[in-house]
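First comes the structure, then the notes that go with it.
Computation of the quantities below employed the complete heavy-atom set of this structure, encompassing side-chain atoms and omitting hydrogens, waters and symmetry-equivalent molecules. What you see is a predicted model, and the numbers here were worked out from it, not measured in a lab.
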Amino acid sequence: MFDLVISIILLAAIALAAGAFVLWRKGITKQALLMAVLAFVMFANVAIWLVPMDGGQTPIEAADSAVAEEEAGQE
């Protein structure tokens, strides 16, 4: 499920970046800038979740292992 969400976010960010470029070419700079900023924020969020931390794990892997450890401790 996480892979699907990340894929949709990336596709939306690419579409926003393309739309920002089109608006910028038409001279609608304010909306183009806002769309470009939103696309950048979406790319940054994906990078935060997918770039490995110091231990070599991605944040989603660390979260999954923490949940698994918690569930194992409750049994």
Side-chain angles (χ1 to χ4, degrees):
M1 184 61 145
F2 177 76
D3 294 337
L4 177 67
V5 171
I6 291 295
S7 298
I8 291 171
I9 291 172
L10 278 177
L11 289 173
I14 291 168
L16 277 170
F21 179 74
V22 169
L23 286 179
W24 177 71
R25 295 280 298 195
K26 289 183 177 183
I28 306 172
T29 56
K30 184 177 181 181
Q31 286 85 357
L33 179 64
L34 289 172
M35 287 174 72
V37 168
L38 180 58
F40 174 76
V41 168
M42 292 172 81
F43 283 127
N45 279 330
V46 169
I48 287 170
W49 279 102
L50 295 181
V51 173
M53 299 182 295
D54 291 335
Q57 276 188 323
T58 62
I60 192 64
E61 290 170 345
D64 285 341
S65 65
V67 169
E69 288 175 7
E70 183 177 314
E71 288 176 355
Q74 290 178 356
E75 292 179 2

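Residues A13 and A39 share a closest heavy-atom pair of O-CB, 3.6 Å. Here the shortest heavy-atom pairing between P52 and G56 reads CB-O, 3.9 Å.
Through direct or relayed side-chain contacts under 4.5 Å between Ile, Leu, Val, Met, Phe, Trp and Tyr, I48 connects to no other residue. In the hydrophobic clustering, L38 connects to F2, V5, I6, I9, L10, I14, L16, L23, I28, M35, M42, F43, V46, W49, L50, I60, either directly or through intervening members, whenever side-chain heavy atoms lie under 4.5 Å apart.
If you take CG on L34 and OG1 on T29, they are separated by 9.5 Å, rounding to the nearest 0.5 Å.
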Begin with the C-alpha distance, continue with both residues' side-chain angles, and end with the deciding distance and a verdict on side chain to side chain contact (heavy atoms under 4.5 Å, CB included) for V67 and E70. CA-CA 5 Å; V67 169; E70 183 177 314; 5.7 Å; no

